[in-house]
Amino acid sequence: MFITLEGIEGAGKSTQAVRLAERLRAAGHPAHLTREPGGTPLAGAIRALLLHPEESLRALAAHGLAQGLAPAAEELLSVTELLLLSAARAQHVARIREWLAAGEVVVCDRYADASRAYQGSGRGLDMGTIVTLESIATGGLRPDLTLLLDVPPEEGQQRKQQARAAGGEWNRLDAEGAAFHERVRAGYLALAAAEPDRFIVLDATLPPDTLAEHIWQGVSRGISSAPGTHPPAS
Ligand code: TYD
């Protein structure tokens, strides 16, 4: 079974993804936790370039691999962002297929829906192009279940800022304005409305324990109905 978590910044996905993987394992389901962009060494390198381009270029230059490139002198174009995300996804999907073939439940923190929501609804790139690249990168691999953790952008940003003050990661996309995150949220909700059988929309303003419980209920139902699996112990 392939489960993805989606949502805007500060929705608490990453925490919930860890908790879900732990709970699956405790219930006897081997679970592999992964994330996008990333999930493999090469995809992780693309992630660094995407989210922290200046630091990545500086690090490459320090090893003589980016001579003559002045960090910050070049804007990362939206279309390049989409292509890099898609390239990272292609690398990652090859591994996801292996994990699934080995009988693991794959829990992935963001996947192709993120490109539709961020690059499509957020950046305004053509959705047809995004869907074409998605099919090239994924070869048609779709999640069985997608948990959309929905939170208003103001609350998400507030949480992100708090985490940043405590030393948490802050990336290029976190720095986008409220209108961008509002478009991304609306994009996600539209995706969920279009595929109600795959998506479960959850209120991510709930306390983390309550949210984790709602996630577990949704996943348990999904596992019970997946072919060849048995309901987890509660
Ligand atoms: P990350 O630090 O993992 O953010 P979060 O904890 O909110 O998931 O950074 C991933 C960033 O990449 C996030 O801002 C969303 C963005 N992203 C896209 O824009 N498109 C995509 O297809 C994916 C997978 C991520």
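The first residue in the sequence is number 1, and the count goes up from there. Small disclaimer: the values here were computed from a predicted structure and weren't measured. Whatever order the structure lists them in is the order used to number ligands and atoms, beginning at 1.
At a heavy-atom distance under 4.0 Å, atoms from both the backbone and the side chain of Glu36 approach ligand 1. Within the 4.0 Å heavy-atom criterion, neither part of Arg35 lies near ligand 1. When heavy-atom distances to ligand 1 are checked against a 4.0 Å cut-off, Glu81 has no atom that comes that close, whether in backbone or side chain. Using a 4.0 Å cut-off between heavy atoms, Ala112 makes no contact with ligand 1 at all.
To the nearest 0.5 angstrom, Leu125 atom CG is 8.0 Å from Glu81 atom CD. Interatomic distance, Arg142 CZ to Thr4 OG1, rounded to the nearest 0.5 Å: 9.0 Å. To the nearest 0.5 Å, the span separating CG on Leu24 from CD1 on Ile223 amounts to 5.0 Å.
For the pair Leu77 and Glu75, the minimum side-chain heavy-atom distance is below 4.5 Å. A heavy-atom distance below 4.5 Å is not found between the side chains of Arg25 and His29.
Among Asn171, Leu50, Leu173, the residue whose heavy atom sits closest to atom 9 (O) of ligand 1 is Asn171. The heavy atom nearest to atom 10 (C) of ligand 1, considering only Leu51, Asp109, Leu82, Leu85, is found in Leu51.
Contact check on Glu6 versus Lys13 returns no salt bridge, with no Lys/Arg side-chain nitrogen under 4.0 Å from an Asp/Glu carboxylate oxygen. Salt bridge annotation for Arg198-Asp144: absent, with no cationic side-chain nitrogen under 4.0 angstrom from a carboxylate oxygen.
Atom 20 (N) of ligand 1 has Gln119 OE1, 2.8 Å as its closest protein atom, hydrogens excluded (heavy atom only). Nearest protein heavy-atom contact of atom 1 (P) of ligand 1 is Arg47 NH2, 3.4 Å. The protein heavy atom nearest to atom 2 (O) of ligand 1 is Glu169 OE1, 3.0 Å. Ranking the protein heavy atoms by distance from atom 6 (O) of ligand 1 puts Ser14 OG, 3.6 Å first. In terms of protein heavy-atom proximity, atom 23 (C) of ligand 1 is nearest to Ala114 CB, 3.5 Å. Given atom 22 (O) of ligand 1, the protein heavy atom at minimum distance is Ser115 OG, 2.6 Å. When hydrogens are left out, the protein atom nearest atom 14 (O) of ligand 1 is Glu9 OE2, 3.0 Å; that is the closest non-hydrogen contact. The protein atom (non-hydrogen) at minimum distance from atom 7 (O) of ligand 1 is Arg110 NH2, 2.9 Å.
When hydrophobic clusters are built by joining Ile, Leu, Val, Met, Phe, Trp and Tyr residues whose side-chain heavy atoms come closer than 4.5 Å, directly or via intermediates, Leu51 is grouped together with Val184.
At least one N or O atom of Lys13, backbone or side chain, sits closer than 3.5 Å to an N or O atom of ligand 1.
Under the 4.0 angstrom criterion for non-hydrogen atoms, Arg89 is in contact with ligand 1.
Counted within 6.0 Å of CZ on Arg35, heavy atoms from surrounding residues, nucleotides or ligands total 12 or fewer; the atom is thus considered open.
The nearest pair of heavy atoms linking Ile8 to Arg110 is C-NH2, 4.1 Å.
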